[in-house]
Amino acid sequence: MSIAEQLPKQYDPQDAQARWYPFWVDRGYFQADPGRDAPPYTIVIPPPNVTGALHLGHALNNTLQDVLIRWRRMQGYDTLWMPGTDHAGIATQAVVEKRLFTEEHKTRHDIGREALVSRIWAWKHEYEARILGQLRLMGCSCDWSRTRFTLDDICARAVRTTFFRLFQEGKIFRGKRLVNWDTQLRTAVADDEIEYKETDGHLWTIRYPVTGSDSESLHVSTTRPETMLGDTAVAVHPDDERYKHLIGKTVTLPLLGREIPVIGDAILVDPKFGTGCVKVTPAHDPNDYQTGLRNHLPQINLLNPDGTYNENAGPYAGLDRREVRKRVVADLEAQGLLVKTEPYTNRVGYSDRSKTPIEPYLSDQWFVRMADDPDGSPGFAQQAMDAVTSGRLKIHPERYAKSYLDWLGEKRDWCISRQLWWGHRIPIWHCATCSEADLKHAFGDRPDVFWSPDESGSGWLVCSETDLAPDALGPSHTLEQDPDVLDTWFSSALWPHSTLGWPEQTPELAKYYPTSVLSTARDIITLWVARMVIFGQFNMGDVPFKDVYIHSVIQDGDGKRMSKSLGNGVDPVDIIETYGADALRFTLASSATETQDLRMPVERVTDDQGRIATRKAPGQPITFIPADEAKDLPKEQLVNTSKKFEEGRTFPNKFWNAARFALMNLEGYTPGPVRPEELAVEDRWILSLLRRAAADATTQLDAFRFADLAKGLRDFTWNEFCDWYVEFIKARLRDEGTRPAAQRVLATVLDGLCRLLHPVMPFVTESVWQALGGVAKARGLPEPAEASESVCIAAWPSYPDSWDDPEAEYDIAQWQEKVAALRNLRAERDVPKNAKIEPILVAQGRAAEALARGASYIQSLVGAGSVTVAPSADRPGESAVTVLADAEIILPLAGLIDPKAELAKLSKAKGDLEKQLGGIRSKLRNASFVERAPAEVVEQQRTRLAELEAQHAALVSRMAELGGGS
RNA sequence: GGGCGAUUAGCUCAGCCGGUUAGAGCGCCUGUUUUACACACAGGAUGUCGGGGGUUCGAAUCCCUCAUCGCCCACCA
């Protein structure tokens, strides 16, 4: 059996995936080689969180990165796609803690730091394996030998060194800050890890008596009455006539009896809101905190880490915050100080992780200084802004540069400490009792140890690149390591250079930094991209990448964000199993336009009996169960897909079958040169289009226009190569004389298609490449050359300008137009399928010459007995007529023409023409148009007018012949 | 509240540095087992380009405004 006959009629994606991925990996195509003499092209993967598996958003992002990497690899670059995963601090700890609680009813405090961390590692191993497996299934050509994890030793080393350098240069400092405290997890959470919910509560109004006055008092309203225990002032607007005389006096804080000042503060107080008086609790409210700083108010912390109140709450000490609220309200009421209680809906912040209300909480934290230096030299934020404004770093689409610059413009210090156990431990050791002499004695000659006085307490803070033993200062002093870990973004921010081995001066670092492109989602432009720029410039003295590509966000069909728990999430593996990896990739690449959001209508997968596809757990095989049983399942067990991927499935199949056709017709292929005169018009035409398709593809990839790339290649493959070229050459392939040249062109075009389509559809192209290699190992024009062993490493095509052939394109366009018109006539006039037609094409000049050259092709493509091309012809009464811009088509159809119906059709065509003519005529009658529009536009309209008038005249004369009026 | 973006065929989207008759895929209708492909082929229908106003010889495209939707940021005593 020939190779072609062994190929199934339908492309089998699973077979190709199973075959070629190991093939590529075994041959080491994905491995970068810093020793190779080729320019570098590098992408670091945005490391997915090990929290869970990848979804369609990741699939989109990684498809695009793989397209770029495969393209550049083919262009001859030494490509490195650096893979890895992110430990994702709080997110991962939270899922593991949650599981610990639901399965064993234990908190992390029950099992301790070491045990929890080891459980998280186990989780990490499981999900890392799944994530990397998903990427492999998608066909991602990462250099797996370099896979990194943000918490591995290589990354840890970079974290240590960076922290040390920052500390040494005074870029890291310790400070008090109001953090969002999660009392259940006992940790601070980031602003973006808070979910606000509209919650029904109350607004309580409390009376604060003015000290030394029997009658006067101020009324303040609050949604959190318990915090009044920590009030250190009452603020009014400085211009408020009702209260301004009280500024500088004091009021007596109810329940505790402290005297607190009345202050004027125009920023905090809106005199029109509520009573116009605001209680100020600097330690427990962000605005009040700022107010406290402005007015030098004391900060009274009321909270213990577990959510109970501390000794500052006086009689309420030891009670949970919720209990304190109840008692404070009851006590105020009992003392007649509660003015009123109103129902009130406000937004309460809940921790994303524990789903409990967040408490603003004053605590010691570590910060990286973002602001400019006191001497005015630019700080980290400014440096990162400069990278973009100077053009060293480009963000695509450009509009996202604005969010980057706006956010950095605030130059807010970056809080890098987290009260967690999963992460890089802060490399600071505190010694409360020692003197600087002790430190000098112990570490004096060590360049990797640096200390500074603890400004917030007594003793010294010692930063070290390597762990310090508790007794490193001798038996009389204790060194205690800071219990906190670093914000997960601290290690992510180092990713582009830590993964290359920094601070070691590795060959990789020298060659691959700065990397080429970063592709990511817009919601982490600030959290991640900006910080990579900051640390890249700090450690490496250069931006971490030259281009940042921001892809769109995938939503479901209703515009809702996809998520597994909402039941609208789509697992790329489900798509791959249903449609194939190439289908997934092609559809995603086709969808990658410059939009912000991308809708992906989602539907359940069912079998032909209407049963619902489910998976017991992600990664498990699909089982189908009756619909009514599926109702009660958790949504994350349902398998979703989207019709959008149908398009991605049909295209590889179309290409596959075009290849089968080619292979079947390459029997007896012999490599050899093709002389220009051996090329038929259609050969010159397809080569001209192939050249343009390749040039366009290159341009689009350069500009990250993935959708245009996918569409352009699809159109060329399907609408030009399959629909026309293959049809054109069928006859020549049957003729022994013309067969060899036709085969050589066919092999060349198929070879080019494999290359051009490979970045987007690696699997089907490799299948075709290998099969093609079986019959035509040497191919290409004008001289054949031996093809490489894999399309993965074949050269990206760039064809000579001499292939550009406007004459051939003109000819083919002429043929195509006439074929389309004749097919339309056949269909519209109900010409029997097997009837041989005898059309006459009336044309003059260049058009006539082109049609004469193509007569035999037109004949076979429209099922004609003969095709006549003539400068003029009589129109038989029983014939259908179509009038085109440069030709008239006469189709004699004895016995098939109903003059009335024919007239009606012509009349409709005439009506359309007249509408267009009317538009153009009125335009040309308009003096301002003729005067003001550019000359070529006016000329264009005149030409068009002449064409349409000629067509109109022909129609009118035909109608007269048929006996119809004009 | 500030910002970004969207609104074009039944659906998902191109087009938008103004200029022939606004396109694609899917879906729909009619026909076809034409020896690569029914995941196909041939033909066809479908749009006051969200509403209103303006600029211009000319607006889907530029400006203003309103409406609806989405996202980001800030914030709600």
Side-chain angles (χ1 to χ4, degrees), chain A residues 4 7 9-11 191-192 196 203 220-224 227 235 268-270 273-281 285-288 291 346-347 397 399-400 402-403 406-407 410 522-523 525-526 552-553 555 557-561 579 583 587 590-591 593-601 642-644 646-665 707-708 711 714-715 722-723 726-727 730 820 823-828 830 833-834 862-863 912-913 915-916 919-920 923 926-934 936-938 940-941 943-945 947-948:
Chain A
L7 301 175
K9 278 170 79 161
Q10 280 191 9
Y11 169 60
D191 289 348
D192 53 287
Y196 288 93
L203 188 66
V220 300
S221 297
T222 178
T223 54
R224 295 191 300 146
T227 62
L268 179 70
V269 183
D270 172 4
F273 186 91
T275 61
C277 305
V278 183
K279 62 191 275 304
V280 184
T281 323
D285 181 277
N287 287 322
D288 293 4
T291 308
N346 68 333
R347 292 179 56 205
R399 61 175 180 272
Y400 292 117
K402 187 171 161 50
S403 30
D406 284 354
W407 186 81
E410 293 181 30
R522 67 171 179 276
D523 52 349
I525 293 174
T526 54
S552 23
V553 169
Q555 304 175 334
D558 300 320
K560 301 233 163 51
R561 210 191 169 91
Y579 298 104
T587 293
S590 306
S591 308
T593 59
E594 286 206 345
T595 47
Q596 291 207 127
D597 308 314
L598 171 62
R599 286 188 187 204
M600 192 72 80
S642 174
K643 269 251 164 98
K644 296 268 284 178
E646 297 278 357
E647 183 192 355
R649 168 166 59 182
T650 55
F651 181 50
N653 189 61
K654 183 71 179 177
F655 176 61
W656 172 256
N657 275 292
R660 281 181 66 228
F661 167 83
L663 293 165
M664 287 174 188
N665 285 284
D708 292 342
K711 186 177 185 308
R714 183 193 186 280
D715 286 351
C722 293
D723 286 352
V726 163
E727 298 304 323
K730 277 180 176 170
R823 283 172 172 169
N824 175 277
L825 284 176
R826 282 195 79 125
E828 295 255 296
D830 292 324
K833 195 180 142 281
N834 295 320
V862 301
D912 290 345
L913 268 181
K915 222 161 109 189
Q916 285 179 56
I920 294 179
K923 223 180 233 182
N926 182 341
S928 336
F929 172 72
V930 179
E931 279 165 31
R932 301 196 188 193
E936 65 266 25
V937 172
V938 177
Q940 213 173 39
Q941 292 297 313
T943 312
R944 180 83 184 131
L945 177 69
E947 262 173 30
L948 292 176

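No experiment lies behind these values; they were computed from the predicted model shown. Lettering follows sequence order; numbering is per chain, from 1.
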Output one line per pair: protein atom, nucleotide atom from nucleotides 18-22 of chain B, and distance, for all N/O pairs under 3.5 Å.
{"unit_1": "B:U20", "atom_1": "O2'", "unit_2": "A:Arg944", "atom_2": "NE", "d": "3.3"}
{"unit_1": "B:U20", "atom_1": "O2", "unit_2": "A:Arg944", "atom_2": "NE", "d": "3.1"}
{"unit_1": "B:U21", "atom_1": "O4", "unit_2": "A:Arg944", "atom_2": "NH2", "d": "2.3"}

Nearest to the [X] side chain among [options], which nucleotide is it?
X: A:Arg714; options: B:A36, B:A14, B:G25; answer: B:G25
X: A:Lys711; options: B:A36, B:C71, B:A24; answer: B:A24
X: A:Pro601; options: B:C11, B:G44, B:A24; answer: B:C11

Indicate, with a heavy-atom threshold strictly under 4.0 Å, whether [X] touches base, sugar-phosphate, or nothing.
X: A:Glu947; value: nothing
X: A:Ser403; value: nothing
X: A:Arg522; value: sugar-phosphate
X: A:Leu598; value: sugar-phosphate
X: A:Thr223; value: sugar-phosphate
X: A:Val553; value: nothing
X: A:Lys833; value: sugar-phosphate

_Once pairs are restricted to Watson-Crick or G-U wobble with both distances under 3.5 Å, how does RNA chain B read as a dot-bracket string, [ ] for crossings and | for other-strand pairs?_
((((((((.[[[[.)...(...]]]].(((((.......))))).....[[[[[..)....]]]]])))))))....
_Side-chain N or O of A:Lys730 closer than 4.0 Å to phosphate OP1/OP2 of B:U34_ = no
*Taking only N and O in the side chain of A:Thr593, is any of them less than 4.0 Å away from OP1 or OP2 of B:A14?*
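So the side-chain polar atoms of A:Thr593 do come within 4.0 Å of the phosphate oxygens OP1 or OP2 of B:A14, strictly under.
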Atom pairs under 3.5 Å: protein N/O with N/O of nucleotides 39-42 of chain B:
{"unit_1": "B:C39", "atom_1": "O2'", "unit_2": "A:Asn653", "atom_2": "ND2", "d": "2.7"}
{"unit_1": "B:C39", "atom_1": "O2", "unit_2": "A:Arg649", "atom_2": "O", "d": "3.2"}
{"unit_1": "B:C39", "atom_1": "N4", "unit_2": "A:Gln10", "atom_2": "OE1", "d": "2.2"}
{"unit_1": "B:A40", "atom_1": "O3'", "unit_2": "A:Lys654", "atom_2": "NZ", "d": "2.9"}
{"unit_1": "B:C41", "atom_1": "OP1", "unit_2": "A:Lys654", "atom_2": "NZ", "d": "2.8"}
{"unit_1": "B:C41", "atom_1": "OP1", "unit_2": "A:Trp718", "atom_2": "NE1", "d": "2.6"}

*Answer yes when A:Glu727 and A:Lys730 have at least one side-chain N-carboxylate O distance shorter than 4.0 Å, and no when they do not.*
yes
*Quantified in whole Å, what is the P atom distance between nucleotide B:A42 and nucleotide B:G54?*
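B:A42 and B:G54 have their P atoms separated by 47 Å.
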Close N/O contacts between protein and nucleotides 27-29 of chain B (under 3.5 Å):
none

*side chain to side chain contact (heavy atoms under 4.5 Å, CB included) against A:Arg399, all qualifying residues, sequence neighbours excluded*: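 A:Arg399 satisfies side chain to side chain contact (heavy atoms under 4.5 Å, CB included) with A:Pro397, A:Gln596 once adjacent residues are dropped.
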Quick test: give all pairs of protein nitrogen or oxygen and nucleotides 4-6 of chain B nitrogen or oxygen below 3.5 Å, distance rounded to 0.1 Å.
{"unit_1": "B:C4", "atom_1": "O2'", "unit_2": "A:Gln596", "atom_2": "OE1", "d": "3.3"}
{"unit_1": "B:C4", "atom_1": "O2", "unit_2": "A:Gln596", "atom_2": "NE2", "d": "3.4"}

*Using atom CD of A:Gln555 as one end and atom C1' of B:U12 as the other, report the distance to the nearest whole Å.*
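After rounding, the gap between these two atoms is 13 Å.
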